[in-house]
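Since the structure comes first, as structure tokens, the remarks are kept for the end.
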Amino acid sequence: MTQTSALDRWLEKLEARAASHVIALGLERVRAVLDRLPVATGAVVITVAGTNGKGSTCALLEAMLRAGGYRVGCYTSPHLLRYNERVRLDGQPIGDEALLSAFEAVEAVRGDVPLTYFEHGTLAAWVAFCREPLDAIILEVGLGGRLDATNVFDADAAILTGVALDHQAWLGPDREAIGREKAGIFRSGRPAIVADPVPPRSVLETAAALGAELYRLGVDFGYDGDRQQWRWWSRTAGNRGGLPYPALRGVNQLMNASAALMALTCLRDRLPLAMQAVREGLMTVELPGRFQVLPGRPSVILDVAHNPQAAAVLAENLAAMPGYRRTLAVVGMLADKDVEGVARALVRRIDVWFAAGLQGSRALTAGALAARLESAGVVPGETFASVPEALAAARAQAKDDDRIVVFGSFLTVAEALRALHVQDTEAR
């Protein structure tokens, strides 16, 4: 028996267990199990919520802290290729043995308390972090904030990257309701960094009601710059000029980097960071699937954009990369997403659409996806049962001066990455 097969069985057990229970939202169950775990940490904890930009902000925090010599644990979701990607220790995915041990530690104290797949994984990540001599722990909220499993941990600082329409069935029908849920990660007397340039009123009201130390983009901190470098400014900490642009591509990365810098500035008494470490972190940060441009011709761009706001940012990023004859799109999406809104945000930037089916109970078949695209005024060129088939067709049609963008879901990008890896292996 390999450790990998043992991990696969653990994940299958968690999925099956979660499917067999209807579990009400709330933190009581997670907190009850957490209280039984014989682990603790003295690390600084930063929680990051938001509709889009969470993963990039976590990666920027992690890169800057590690460049400053700190040992960092980072918990994110979902993963692309392997579950281990969710739990990073010093920039590397956790090993199977350590992850299995953490899963088992949670199971040993769980008793009859039901946990969802995400809740069990979140507690296991915490166990893994507490077993290491870490200086900082970065937690990406899975869904919402107030009732998310990551909110059982008492964060020293919280970042809200932005609020847009997504997961309305769980979080509420509009930005005000969604903002209230996401702002639930704020803590009394502790920094609450809001990177949404126009936050819902509910975010500000929640911060005030909780007594959080609020810092708003454009009011308490911000950024400006030219094509060569940029400057970060803060009402309380002055200016930091001559900064390199983040290695992550995209028009919103300065917003994410500014929020990360504000959080680290608020925590400077416990995690002092030289500007050279900030610069190094900005230059070396990596995050697959966020406007990731793969080498070669035709260019292939991978982006996990799956809601209208993220699609609008993707459209801006594509517009900022001129010089291509055509843009071909491979898109696969889940049924509970705003397919029509995503399509409308991108219709002017894409010349040829390839609709791909995904696997799973929430997935759209290629035919169902094509029908929803057509209702938004987009006519897919062809439909395919899977992402690999759609990607192969797009690559066959594309010329060297074209580009292919793959988007719509983490699942879509993951399937594309696997297909490209297999093709590269066969080519060797």
Side-chain angles (χ1 to χ4, degrees), residues 41-48 50 53-76 80 84-95 125 128-130 132-140 155-159 161 191 193 195 215 217 221-225 228-234 236-293:
T41 180
V44 174
V45 179
I46 306 171
T47 303
V48 183
K54 293 179 297 184
S56 296
T57 303
C58 289
L60 286 158
L61 287 165
E62 180 185 30
M64 287 187 276
L65 286 168
R66 293 190 65 235
Y70 293 110
R71 294 204 66 197
V72 183
C74 190
Y75 176 59
T76 61
L80 284 173
N84 309 57
E85 299 166 21
R86 297 185 180 214
V87 186
R88 291 198 299 273
L89 294 166
D90 278 340
Q92 298 299 315
I94 190 172
F129 292 151
C130 290
E132 297 288 332
L134 299 178
D135 301 299
I137 295 173
I138 302 163
L139 303 173
E140 179 186 353
D156 297 285
I159 299 175
T161 60
I193 293 88
Y215 296 87
L217 178 70
F221 70 97
Y223 61 90
D224 53 52
Q228 302 301 318
Q229 58 188 19
W230 65 288
R231 178 182 72 100
W232 178 80
W233 60 265
S234 163
T236 57
N239 301 329
R240 300 289 186 270
L243 297 173
Y245 278 83
L248 300 179
R249 295 173 180 260
V251 295
N252 275 4
Q253 294 304 344
L254 286 188
M255 191 180 299
N256 298 329
S258 294
L261 269 173
M262 188 69 251
L264 294 175
T265 298
C266 291
L267 297 169
R268 60 188 179 274
D269 288 347
R270 295 180 63 185
L271 295 171
L273 202 63
M275 286 310 297
Q276 182 53 39
V278 170
R279 293 186 178 94
E280 182 181 338
L282 290 169
M283 291 187 292
T284 59
V285 62
E286 296 179 353
L287 187 61
R290 277 67 163 190
F291 206 70
Q292 180 184 3
V293 182

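In this chain, numbering begins with 1 at the start of the sequence shown.
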Separation between CG of Asp156 and CD1 of Ile46, rounded to the nearest 0.5 Å
8.0 Å
Measure across Phe129 and Leu89 and return the closest heavy-atom pair with its distance rounded to 0.1 Å.
CD2-CD2, 3.6 Å
Between Glu85 (side chain only) and Leu80 (backbone N and O only), is there a donor and an acceptor less than 3.5 Å apart?
yes
May I ask you to decide whether Asp90 forms a salt bridge with Arg71, counting only side-chain N to carboxylate O separations under 4.0 Å?
yes
Greater than 12 external heavy atoms within 6.0 Å of Gln229's CD:
yes
Hey, are the side chains of Thr236 and Met262 touching, using non-hydrogen atoms and a 4.5 Å cut-off?
yes
Minimal non-hydrogen separation, Ala259 against Ala195, with atom names:
CB-CB, 3.7 Å
How far apart are the C-alpha atoms of Arg290 and Leu248, what are their side-chain angles, what is the distance that settles it, and do they pass the side chain to side chain contact (heavy atoms under 4.5 Å, CB included) test?
CA-CA 8 Å; Arg290 277 67 163 190; Leu248 300 179; 5.7 Å; no
Contacts under 3.5 angstrom, residues 239-246 side chains, donor-acceptor by atom type, not counting sequence neighbours:
{"residue": "Asn239", "atom": "OD1", "partner": "Arg231", "partner atom": "NH1", "Å": "3.0"}
{"residue": "Arg240", "atom": "NH1", "partner": "Ala237", "partner atom": "O", "Å": "3.2"}
{"residue": "Tyr245", "atom": "OH", "partner": "Asp226", "partner atom": "O", "Å": "2.3"}

First locate atom OH of Tyr75, then atom CD1 of Ile94, and finally report the distance between them rounded to the nearest 0.5 Å.
11.5 Å
Using modelled atom types only, decide if a donor and an acceptor are shared between the side chain of Gln292 and the backbone of Gly289 within a distance under 3.5 Å.
yes
Between Trp232 and Phe221, how do the two ring planes meet: parallel, tilted or perpendicular, split at 30° and 60°?
tilted
To the nearest 0.5 angstrom, please state how far the OG atom of Ser258 sits from the OH atom of Tyr215.
15.5 Å
Using a 4.5 Å cut-off on heavy atoms from C-beta on, say whether the side chain of Leu65 contacts that of Asp135.
no
Tightest non-hydrogen contact, residues Gln253 and Ser56, listed as NE2-OG, 3.2 Å
For Ile159 and Ala263 the tightest heavy-atom approach is CD1-CB, 3.7 Å
Give me the atom names and distance for the closest heavy-atom approach of Thr47 to Ala155.
OG1-CB, 3.2 Å
With rounding to the nearest 0.5 angstrom, report the OG1 to CG distance, Thr161 to Leu217.
11.0 Å
Could you measure the distance from the CG atom of Leu271 to the CE atom of Met64? Nearest 0.5 Å is fine.
12.0 Å
Hey, does Ile138 have a side-chain heavy atom less than 4.5 Å from the side chain of Arg88?
no
For side chain to side chain contact (heavy atoms under 4.5 Å, CB included), just list the numbers for Lys54 and Thr57, CA-CA rounded to whole Å, side-chain angles, deciding distance to a tenth of an Å, and then say yes or no.
CA-CA 5 Å; Lys54 293 179 297 184; Thr57 303; 5.9 Å; no
Stepwise side chain to side chain contact (heavy atoms under 4.5 Å, CB included) check, Val48 with Leu61:
CA-CA 10 Å; Val48 183; Leu61 287 165; 4.0 Å; yes
Output yes when a side-chain donor or acceptor of Tyr70 lies under 3.5 Å from a complementary backbone atom of Pro272, and no otherwise.
yes
Flag side-chain contact, heavy atom, 4.5 Å: Val278 against Leu264:
no
Smallest heavy-atom separation, Leu273 atom then Ala277 atom, equals CD1-CB, 3.8 Å
